[in-house]
Amino acid sequence: MAQIFRTTVRSFATTSSRQNAIKTVTVIGGGLMGSGIAQVAATTGHQVVMVDQTDDILGKSKASIQKSLQRVVKKKFAEDPKGGEQFVSDILGRITTQTDSNAAVANSDLVIEAIVENIDVKKKLFSSLDKAAPQHTIFTSNTSSLPIGDIAVSTQRQDRFGGLHFFNPVPMMKLLEVVRIPATSDETFNKLSDFGKAMKKTTVDCKDTPGFIVNRLLVPYTIEAMRMVERGDASFKDVDTAMKLGAGYPMGPFELSDYVGLDTMKFILDGWAEKYPENPLFQPSALLNKYVAEGKLGAKSGEGFYNYKKK
Ligand SMILES: CC(=O)CC(=O)SCCNC(=O)CCNC(=O)[C@H](O)C(C)(C)COP(=O)(O)OP(=O)(O)OC[C@H]1O[C@@H](n2cnc3c(N)ncnc32)[C@H](O)[C@@H]1OP(=O)(O)O
Ligand SMILES: NC(=O)C1=CN([C@@H]2O[C@H](COP(=O)(O)OP(=O)(O)OC[C@H]3O[C@@H](n4cnc5c(N)ncnc54)[C@H](O)[C@@H]3O)[C@@H](O)[C@H]2O)C=CC1
């Protein structure tokens, strides 16, 4: 019994000290994903530095975090407006902003990159951060579709490099994919998994394969739905209704594509088609290409498969 107790205490102490390993987080990119990641990291007690290209963009990022926190306050502090105000101000107080990414990593335990999905831009950023960050700092990318290993080669710290793939909307989606490349050390991987749990996410372990787990299944499924409509087998609205009511998905594939962005879906698919031309699941969709060519990119552009313009 005493032995079990000692073991339990020891394993708790190990996990707990590992959970404490990451206290300060630098989130680079304050867009849709970066602002969500910064919000959740600060909500779970981490000190966050959020980086973007201009103060104007960072102002918008902070405003979107505030708006998202208000949704939480409405539910959690319905009877306690003062408590709600304190909750928001405590979280925002843990987020500072910076436009100089090298300066932002000076005291960072972890970097989470959530900038534009472009391999050359990501590599350039990490190569510069590698010289500026302390030795112990772990680097991660939130990329949806690029190989983590192809980004990590721009640094001299591949043992302290991995993927943290969050889902949109970050405050609501409970999953975090933790991705390791062959060079990722066990210590780094464990710290990343513990950090995910400290962020109150459920983590899954992923290898550095195209789309990791979720997008590897979700993207071909969505494209197959588009092919079904291209063949005239069903309308896109009926496909959405069928998958929501028949398979229990919160959104059908066309609603989800509009939500993620049709340009993003196309970008992921085109990248994989070029890199893995032999895989029939990654072949282009004429319907998707048509919508993107017409500038119908989904909710963000006001129109995709559905219309989002206020009448
Ligand atoms: C591309 C990639 O690499 C990977 C990806 O991200 S793929 C995309 C993954 N995401 C998905 O699959 C999303 C699927 N959709 C959903 O889960 C849900 O539709 C949704 C959570 C987005 C919205 O839920 P909904 O019921 O349709 O809408 P709505 O009523 O507005 O919101 C539901 C709740 O979420 C909350 N919520 C939604 N967005 C929020 C945000 N950004 N911040 C805080 N709270 C939020 C709302 O306040 C609401 O809370 P209550 O129900 O407690 O009042
Ligand atoms: N949109 C989604 O549903 C998901 C996206 N991702 C990934 O997350 C990353 C970011 O995506 P989003 O947030 O959707 O994009 P976004 O376009 O909303 O935000 C990107 C932000 O990065 C900034 N940025 C660009 N280059 C920069 C640089 N060099 N330094 C600092 N900031 C820079 C931009 O100004 C912008 O604010 C991408 O890699 C994407 O593939 C991952 C999961 C889901």
Side-chain angles (χ1 to χ4, degrees), residues 26-40 43 49-62 64-76 78 88 91 97-102 104-105 111-129 140-146 148 151 163-177 179 206 210-219 221-222 240 243-244 248-253 255-269 271 297-300:
T26 304
V27 179
I28 308 199
L32 183 67
M33 295 304 289
S35 56
I37 295 166
Q39 176 187 328
V40 177
T43 303
V49 185
M50 185 168 57
V51 181
D52 211 301
Q53 303 181 94
T54 66
D55 285 321
D56 190 40
I57 300 175
L58 286 165
K60 289 185 181 125
S61 311
K62 269 206 135 172
S64 88
I65 292 174
Q66 201 153 5
K67 202 168 147 197
S68 176
L69 287 172
Q70 289 306 340
R71 296 172 80 153
V72 180
V73 165
K74 228 172 140 183
K75 275 180 278 169
K76 273 198 174 168
V88 173
I91 293 169
T97 56
Q98 254 285 2
T99 51
D100 178 347
S101 49
N102 286 339
V105 297
V111 171
I112 306 175
E113 169 274 311
I115 66 167
V116 58
E117 186 80 336
N118 176 306
I119 184 87
D120 294 329
V121 181
K122 287 188 195 284
K123 282 172 80 172
K124 189 166 168 235
L125 172 74
F126 277 116
S127 159
S128 168
L129 295 181
T140 64
S141 174
N142 180 53
T143 178
S144 300
S145 63
L146 301 169
I148 301 292
I151 307 170
L164 285 179
H165 186 226
F166 292 84
F167 295 84
N168 177 29
V170 182
M172 296 306 300
M173 302 304 285
K174 296 186 178 73
L175 186 71
L176 175 63
E177 292 181 327
V179 187
C206 296
F212 316 128
I213 297 176
V214 172
N215 284 348
R216 180 66 178 78
L217 297 174
L218 197 59
V219 174
Y221 145 77
T222 305
D240 276 354
M243 293 315 290
K244 283 190 286 186
Y249 286 24
M251 289 176 170
E255 286 173 317
L256 186 65
S257 299
D258 275 1
Y259 188 67
V260 167
L262 301 186
D263 52 341
T264 304
M265 293 297 296
K266 178 171 160 54
F267 186 88
I268 295 174
L269 194 66
L297 308 182
K300 64 181 165 191

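Order of appearance sets the numbers: ligands from 1, and atoms from 1 within every ligand.
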May I ask you to list the atoms of ligand 2 that are less than 4.0 angstrom from any heavy atom of His165?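 In order of number, 42 (C), 43 (C).
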Please indicate whether any nitrogen or oxygen in Leu32 is less than 3.5 Å from any nitrogen or oxygen in ligand 2.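 It does: an N or O of Leu32 is found under 3.5 Å from an N or O of ligand 2.
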Between Asn102 and Ser128, is there a side-chain donor-acceptor contact under 3.5 Å, judged purely by atom types and distance?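 The answer is yes; a qualifying pair exists.
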Going by a strict under-4.0 Å cutoff (protein heavy atoms only), does [atom] have a neighbour on the protein?
atom                    : result
atom 12 (O) of ligand 1 : yes
atom 4 (C) of ligand 1  : yes
atom 24 (O) of ligand 1 : no

Among protein heavy atoms, which sits nearest to [atom], and what does the distance come to when rounded to 0.1 Å?
atom                    : result
atom 11 (O) of ligand 2 : Met33 CG, 4.0 Å
atom 39 (O) of ligand 2 : Glu117 OE1, 2.6 Å
atom 49 (C) of ligand 1 : Lys75 NZ, 4.4 Å
atom 43 (C) of ligand 2 : Phe166 O, 3.3 Å
atom 28 (C) of ligand 2 : Ile115 CG2, 3.9 Å

Given [options], which has its nearest heavy atom closest to [atom]?
atom                    : options                       : value
atom 18 (C) of ligand 1 : Ser144, Pro250, Pro169        : Pro250
atom 20 (C) of ligand 2 : Ser128, Gly34, Ala114, Gly29  : Ala114
atom 9 (C) of ligand 1  : Asn215, Ile268, Val40, Asn168 : Asn168
atom 29 (P) of ligand 1 : Met265, Arg71, Lys67          : Arg71

Can you give me the closest heavy-atom contact between Val27 and Gly34, atom names plus distance?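 Smallest interatomic distance, heavy atoms only, reads CG1-O, 3.5 Å.
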Numbered atoms and elements of ligand 1 in range of Pro171, under 4.0 angstrom, heavy atoms: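 Result: 43 (N).
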Which of the numbered atoms in ligand 1 are under 4.0 angstrom from any heavy atom belonging to His165?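 Those qualifying, in numeric order: 2 (C), 3 (O), 4 (C).
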For Lys122, is the nearest heavy atom under 4.0 Å from an atom of ligand 2?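 Contact present.
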